[in-house]
2 protein chains.
Amino acid sequence: MARLNMRELALKLGVDRATVSRALSNDKAHLVAPATRERIRQAAGAAGYRPDLTAATLRRGRSHTVGILVSDLGNETFIDVIRTIFRHLDARSDAPSITPLIAETLDHPDATRRLIHTFLSRRVDAIISLASTEADTAILQDAAREVPVVLAIRAIAGAVFPSALCDDRAGGAMVATHFAERGHKIVCQVQGPPLSATFKNRALGFSEVCASRSIVETPQRIFAETATSAAGKRTLDALLAISPRPTAIFAHNDALALGVIEAMRHRGLRCPEDLAIVGFNNTQLSRILAVPLSTVDYPVEEVSRHAGELVRNLIADPSYRFESRLFTPSLIVRASS
Amino acid sequence: MARLNMRELALKLGVDRATVSRALSNDKAHLVAPATRERIRQAAGAAGYRPDLTAATLRRGRSHTVGILVSDLGNETFIDVIRTIFRHLDARSDAPSITPLIAETLDHPDATRRLIHTFLSRRVDAIISLASTEADTAILQDAAREVPVVLAIRAIAGAVFPSALCDDRAGGAMVATHFAERGHKIVCQVQGPPLSATFKNRALGFSEVCASRSIVETPQRIFAETATSAAGKRTLDALLAISPRPTAIFAHNDALALGVIEAMRHRGLRCPEDLAIVGFNNTQLSRILAVPLSTVDYPVEEVSRHAGELVRNLIADPSYRFESRLFTPSLIVRASS
DNA sequence: CTGTTAGCGCCTTCAC
DNA sequence: GTGAAGGCGCTAACAG
C-alpha cells in the first residue's frame with residue numbers, strides 16, 4: 001500500500017499542503033478556520049494519513065527523539081529510571097511526544113562512542129546517559145557541543161554535566177550507621193566495579209562512617225567483577241576466609257546481596273544470625289525474599305523527574321541555567337540486618 | 001557548533017556533493033577513484049563530519065531502523081532476545097547498522113497502537129513484536145501492509161505472521177513427563193496470564209501429558225495476575241488449600257517459581273521435599289538459588305536468530321517466502337524437583 | 001570516474 | 001485564513 005503523503009491529501013481536499021500541515025499541527029492549528037481544520041483532520045484520520053516524521057525532522061531541525069545510554073538493560077533500577085524519565089517527558093501533552101532511542105553500552109567505551117555517533121547522526125534532540133564512566137568523558141563532552149547531554153544515576157568526577165543523581169555516599173553512610181547502631185564491630189563491603197562512580201561513592205560513604213564510629217572494616221576488600229547475583233555468590237568464600245570474621249556485610253546492590261544470601265543458605269548459614277546483610281536499590285526481589293532484605297531505597301522518582309526536566313529545559317533553551325541535583329536515598333530496614 | 005554538512009565538505013575539497021556521498025557510502029565507494037575516496041574519507045574524519053541519517057532516510061525511503069515491541073522491559077528473557085536479535089542483525093558488516101526503536105507496551109492494546117503508529121511515522125523498515133496478544137491482531141495486520149511485521153516469542157492464534165517461537169506446548173509437556181517419571185501423582189500449575197499465547201500453550205502441553213499419563217491435575221487452577229515473583233508468592237496460600245494436596249508445581253516462569261519458593265521458605269516448607277517445583281526460562285536466578293531451580297531452557301539463540309533472519313530477508317524483499325519456525329526448549333533438571 | 005539535476009515529504013516564510 | 005515557493009541534507013538517475 002503506497003503511503004499517502006501530505007500533497008496527495010491536500011489535493012484530495014482541494015486545499016494547499018500548507019493548510020493541511022497547519023491543521024494537523026499542534027501549535028499552528030489555530031491559524032486554520034475551525035471548519036476547514038475539522039474537515040482536514042477527519043479526512044486525515046479516515047485516510048490513515050501518517051505524517052512522515054523523518055521529513056519533518058529534516059525541515060524542523062528537531063527530531064523529537066532522545067538518545068538514552070544504559071550500561072545494562074537487565075538492571076531493574078536502570079529500567080525503572082528510563083521508564084519514569086519518559087513518563088515525565090511525555091506528560092506534557094501540549095508538546096509532541098518524544099521517542100527514546102535506547103542503547104546498551106555494557107560499559108564498553110568503544111560501544112559508547114559508536115552509539116553516541118549513531119545518536120548524533122540520527123539527530124537526537126538530547127542524550128541522557130545512565131552509563132557514563134570516566135572513560136567516556138571526552139566523548140560525552142564532544143557530544144555536548146552538538147546537543148544537550150544529561151547524566152543520570154552515574155556522575156563523572158571532575159566533569160560538569162547537568163545531572164540527576166542519587167547521593168550514593170549518603171546511602172553508604174546510612175548503612176554503616178545502621179550497622180553501628182546494631183552493635184556490629186567488624187564489617188565488610190562487597191563492592192561493585194569501581195568503574196562507575198556509583199559504587200565508589202557508596203564505598204566511600206560507608207568507610208567514612210565506619211572510621212568515625214570506630215567500626216572495623218576488614219582489611220581485605222571484596223570486589224565483585226560485576227554487580228550481579230552470580231558474582232555475589234562467588235564472593236562468599238572470600239568473605240568467610242577473612243579474619244577477624246565480619247558480622248555484617250554491605251553489598252553494593254541487591255543482586256550482589258542475593259548472591260551472598262544464596263551462597264550462605266547453601267552452606268547452612270543463616271541471615272541475619274550468622275551474617276547480617278544490607279543491599280542497595282530496593283528492588284522487587286528484596287521484598288519477596290523469605291528473609292526480606294534490608295536495603296537502601298533508590299530515589300527513582302526524583303532522579304528521573306529531574307533528569308526529565310533538565311532534558312526538557314535544555315532542549316527548549318540550550319543556554320538554560322541548569323542545576324544538577326543529588327537526591328537522598330533512604331534506608332529500609334527489614335529482616336536481613 | 002554548527003554542524004558541517006555534505007555540501008560544505010564537498011566545497012572544502014573541491015569535489016561535488018555526489019562524489020562525497022559515494023565515497024562515504026558502503027555500496028558505491030568503488031565508483032570513486034581510490035585516491036579521491038581516501039582523501040574524502042580522511043577529510044570527513046578530520047572534520048568530524050556525520051551524515052544526517054534523517055535526510056538520508058527521506059531520500060532513500062529506508063531508515064535502517066527497526067521498531068521492537070516488548071511487553072515488559074524488566075523481563076530478562078525478552079531482553080536477551082532483543083539483544084541477540086540485534087547482534088545477528090548487525091553481524092552483517094556489509095550492511096549499514098540498524099538502530100532499534102525499543103518500546104514497552106505493558107500489554108495495553110492502546111499503548112501498542114500508539115507505539116506502532118509512532119514506528120510507522122518514523123519510517124521503521126520493519127517491526128518486531130515480542131508483545132503480541134490477540135487484542136493486537138488487527139493493528140498488527142494493518143501495520144503489516146506497510147512494513148514487514150515479525151512475531152517473536154508470542155504467537156497470535158489464527159493470524160499468519162512470520163514468526164520465531166518457542167514450542168511452549170512441548171515445554172509444558174516436558175515438565176509433566178518429568179513429574180510422571182519422578183512418581184508424582186497430584187500436580188498443579190501456577191499459570192501466567194492467558195492473555196499471551198505463551199502461557200496458554202505451556203498449560204496445554206502440561207495438561208495433555210498429565211491426562212495421558214494419568215497424573216491428577218488438581219481441579220483448582222491457580223492463576224497469577226502477572227508473571228512476577230510477587231504474584232507467585234501470593235499463590236502459595238491457595239496452593240496449600242488445595243485438597244488433595246499436590247506434590248509438584250509447574251510454575252509458568254522462573255519468577256513465579258521464585259515467589260512460590262520464597263513463600264514456602266517463609267512457612268518452613270522445603271523444596272523439593274515438601275513440594276517440588278519447576279520453572280520456565282532458565283534465567284540467571286534459577287542457577288544461583290541455593291536449591292537450584294529445575295526449569296525449561298528457553299531457546300533464546302534460535303528464536304532470536306530466526307527472528308533476525310526473517311526481518312533481514314523481509315526488508316530486502318517484502319515478498320520473501322518466509323518460514324515461521326517453532327524451536328524446542330529443553331528441560332533442565334536441578335535440585336528443586 | 002565525476003558532475004549536474006532533481007526530488008524524497010514536510011514546514012516556514014512571505015504574500016495576498 | 002489560505003496559497004505559493006523554497007529548502008532542510010542527502011542520494012539516485014542521467015550525462016558526459
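Reminder, nothing fancy here: chain letters follow the sequence lines and each chain counts from 1.
- Nearest heavy atoms, A/Leu310 versus A/Ala164: CD1-N, 4.4 Å.
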Heteroatom pairs (N/O) under 3.5 angstrom, protein to nucleotides 12-16 of chain C:
from: C/dT12; atom 1: OP2; to: A/Lys28; atom 2: NZ; distance (Å): 2.9
from: C/dT12; atom 1: O4'; to: A/Arg59; atom 2: NH2; distance (Å): 3.3

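- Applying the side chain to side chain donor-acceptor pair (under 3.5 Å) test to every pair with at least one member in residues 299-311 of chain A, sequence neighbours left out, gives these pairs: A/His88-A/Glu301, A/Glu301-A/Arg305.
- If you check the side chains of B/Arg122 and A/Thr99, you find a donor sitting under 3.5 Å from an acceptor.
- Rounded to whole Å, the distance from CG on B/Leu31 to C1' on C/dT2 is 10 Å.
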Less than 3.5 Å apart, which donor and acceptor atoms pair up between the side chains of residues 6-21 of chain A and the rest of the protein, not counting sequence neighbours?
from: A/Glu8; atom 1: OE1; to: A/Asn5; atom 2: N; distance (Å): 3.0
from: A/Asp16; atom 1: OD2; to: A/Ala18; atom 2: N; distance (Å): 2.9

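- Judged by distance alone, the side chain of B/Thr137 and the main-chain N or O of B/Glu134 form a donor-acceptor pair under 3.5 Å.
- A distance-only check finds a donor-acceptor pair linking the side chain of A/Ser25 to the backbone of A/Arg22 [under 3.5 Å].
- For the salt bridge (charged side-chain N to carboxylate O under 4.0 Å, His left out) condition, no pair includes a residue of residues 34-44 of chain A, sequence neighbours left out.
- A side chain to side chain donor-acceptor pair (under 3.5 Å) check over residues 48-57 of chain B, counting only residues at least two apart or in different chains, returns the pairs A/His117-B/Arg50, A/Arg123-B/Asp52, A/Glu146-B/Arg50, B/Asp52-B/Thr54.
- The C1' atoms of five pairs define one axis at each end of the helix from C/dC1-D/dG16 to C/dC16-D/dG1, and these two axes lie 30° apart (to 10°).
- Using a 4.0 Å heavy-atom distance criterion, A/Met6 is classed as a sugar-phosphate-only contact.
- Taking every heavy atom of residues 120-127 of chain B and every atom of DNA chain C, no pair lies under 4.0 Å.
- Screening A/Val66, A/Leu69, A/Val81 for a side chain to side chain contact (heavy atoms under 4.5 Å, CB included) involving A/Ile128 leaves a single residue, A/Val66.
- What separates CZ of B/Arg7 from P of C/dT5 is a distance of 14 Å, to the nearest Å.
- At a non-hydrogen distance threshold of 4.0 Å, A/Tyr49, A/Pro51, A/Asp52 from residues 40-54 of chain A come into contact with DNA chain C.
- Using modelled atom types, no side-chain atom of A/Asp317 and backbone atom of A/Leu314 make a donor-acceptor pair closer than 3.5 Å.
- Checked by atom type and distance alone, the side chain of A/Thr105 never pairs as donor or acceptor with a backbone atom of A/His108 at under 3.5 Å.
- Remark: A/Arg83 engages A/Asp80, B/Asp72, B/Glu104 in a salt bridge (Lys or Arg N to Asp or Glu O under 4.0 Å) (not counting sequence neighbours).
- Considering only residues two or more places apart in sequence or on other chains, B/Ser196 meets the side-chain hydrogen bond (donor to acceptor under 3.5 Å, both in side chains) condition with B/Thr198.
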Indicate every side-chain donor-acceptor pair of residues 154-161 of chain A with a distance under 3.5 Å to a residue at least two apart or in another chain.
from: A/Arg154; atom 1: NH1; to: A/Asp107; atom 2: OD1; distance (Å): 2.9
from: A/Arg154; atom 1: NH1; to: A/Ala131; atom 2: O; distance (Å): 3.3
from: A/Arg154; atom 1: NH2; to: A/Ser71; atom 2: OG; distance (Å): 3.2
from: A/Arg154; atom 1: NH2; to: A/Asp107; atom 2: OD2; distance (Å): 3.4

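- Comment: B/Arg87 does not engage B/Asp90 in a salt bridge, judged by the lack of any side-chain N to carboxylate O separation of less than 4.0 angstrom.
- Contact footprint of chain A on DNA chain D: nucleotides with an atom under 4.0 Å from a non-hydrogen protein atom, first to last in 5' to 3' order, D/dG1 to D/dG9.
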